[in-house]
There are 2 protein chains.
Amino acid sequence: MAQKNLLPLILLGLLRDTKKTGYELKKDFETEIGEFWSVQHSQIYLELKRLTELKEISSTKGFFGSKIEKTYYEITPLGEERFEKWEKSFQNELAVNKDEFVLKLYFIKDKKDGRLQQLIKNQYDLHLEKLAHLNLRMKEVFSKIDKEQNYGHYLILNHAIKREEEYTKWLSDSLENINK
Amino acid sequence: MAQKNLLPLILLGLLRDTKKTGYELKKDFETEIGEFWSVQHSQIYLELKRLTELKEISSTKGFFGSKIEKTYYEITPLGEERFEKWEKSFQNELAVNKDEFVLKLYFIKDKKDGRLQQLIKNQYDLHLEKLAHLNLRMKEVFSKIDKEQNYGHYLILNHAIKREEEYTKWLSDSLENINK
DNA sequence: CATTACATGTAAGGAGTTACATGATTAG
DNA sequence: CTAATCATGTAACTCCTTACATGTAATG
């Protein structure tokens, strides 16, 4: 295994409730789950093919207009089994959190380094923007669906917001401290 | 580019002060920078070869005992240039933070789902352990070296600790809430 | 009528992990 | 004398991104 491949699990999870096309799955990564995972559509279609070979999903043909065929994918009992096994499995260690900005800071030795201020400001703006975006998402998402019935989603959006709050606070505190 | 390759920059950064062998660089990933980045030694040796071809590092032979040769790598002006260019560059967007646990939660719909409690507990233990480890690192690292002279490192260790504090707080709050 | 959205793929190439491979040196 | 550490690589595999490729349908 090159990298821990979680994409098949995500696809199975997204297909548990309703059958979907590859395009619809791709759309989910731009809205719904896109906050927490990213992937290219090329990878989705490859993985759908593989899952079909494994008989963890099955497909039926549909039409968009009269000419374009589209393929609906549906989860099979085998796929459900795999997904549920993953869903209840425990981790025994945490992955390293790779963050380019954090990495870059590691190499800045001197507190008085002039670049520090600008780099932090740049990062601060990015995270402030993300925080605003997440707050908006929180309102949007849970005006449409029920919190109690989508509790995991609620929890992680809540976490993402708190994480960004901590991140921006850390950055602004750091800005203050380097000027002391 | 398949993935944003930051390893060459890390290697250049680690070689700025002193020349090192591949093995010593590998060791750095187990201690120093290992908190913030992970990599396999096979990848290190490949990247050292590539950096040598690019003339961003140069190498000299040394000996371990009388038989085993070891190779010391040293940064060149070209390598320094590349590193400094990266060091002062700004990001214009944030990478998605991929966290398997967060992903898993996304798919848990019902607040009363029995797995929720166990999964959170498992994750809580892992993060509590990590937090304890980071606090220890903070003490260890800055008893040896000066904070003001290794400010970036101080900042990110500080951030990592706060991140874990937020993470564990989120998890324990969530545990409380699902039992309400 | 032009742009955006819908829809599905293949190809190329680099990144990352795991396993394989070898051998000297030091510490207990 | 045995295990851990020092030391450096290659090979296989697969993940992931970017680019290429094609064509219909809806919207303004």
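The structure displayed is predicted, hence computed values, not measured ones. Chain A is the first sequence line, chain B the second, and so forth, proteins listed ahead of strands; every chain is numbered from 1.
Within the nucleic acid shown, Y73(B) comes within 4.0 Å of sugar-phosphate atoms alone, with no base atom in reach, counting heavy atoms only. Heavy atoms of K26(A) sit nowhere under 4.0 angstrom from any nucleic acid atom. Note on K98(B): nothing from the nucleic acid sits closer than 4.0 angstrom, heavy atoms only.
The side chain of Q40(A) has dT18(D) as its nearest neighbour among dT17(C), dA7(C), dT18(D). Closest to the side chain of K49(A), from the set dT10(C), dT5(D), dT17(D), is dT10(C). Distances were taken from every side-chain heavy atom of Y23(B) (C-beta onward) to each of dA7(C), dC16(D), dT5(D); the shortest belongs to dT5(D). Considering only the side chain of N5(A), dC15(D) comes nearest among dC15(D), dT17(C), dC6(C). Among the nucleotides dT17(C), dT17(D), dC6(D), the one closest to any side-chain atom of Q43(A) is dT17(D). Among the nucleotides dT14(D), dT8(C), dC6(D), the one closest to the side chain of T71(A) is dT8(C).
Neither OP1 nor OP2 of dG9(D) sits under 4.0 Å from any side-chain N or O of Y45(B).
With a 4.5 Å cut-off on side-chain heavy atoms, R82(B) and L9(B) count as touching.
Looking at which nucleotide of DNA chain D each of H41(A) and L46(A) is closest to, the 5′-most match is held by L46(A). Of the two residues contacting DNA chain C, namely K27(A) and K4(A), the nearest-nucleotide position lying further toward the 5' end is that of K27(A).
K20(B) places its NZ atom 13 Å from the P atom of dT8(D), with the value rounded to the nearest Å. Spacing between atom CD of E24(A) and atom P of dC6(C) amounts to 10 Å, rounded to whole angstrom units.
Applying the side-chain contact (heavy atoms from CB on, under 4.5 Å) test between F36(B) and each of L105(A), V102(A), V96(A) identifies V102(A) as the sole match.
The pair E87(B)-R115(A) meets the salt-bridge criterion, with a side-chain N (NZ, NE, NH1 or NH2) lying under 4.0 Å from an Asp/Glu carboxylate O.
With values rounded to the nearest 0.5 angstrom, E35(B) atom CD is found 9.0 Å from I156(B) atom CD1.
With Y106(B) as the aromatic partner, K109(B) meets the cation-pi criteria of under 6.0 angstrom to the ring centre and within 45 degrees of the ring axis.
For dT18(D), the base has a donor-acceptor partner in the side chain of S42(A) [N/O atoms by modelled type, under 3.5 angstrom].
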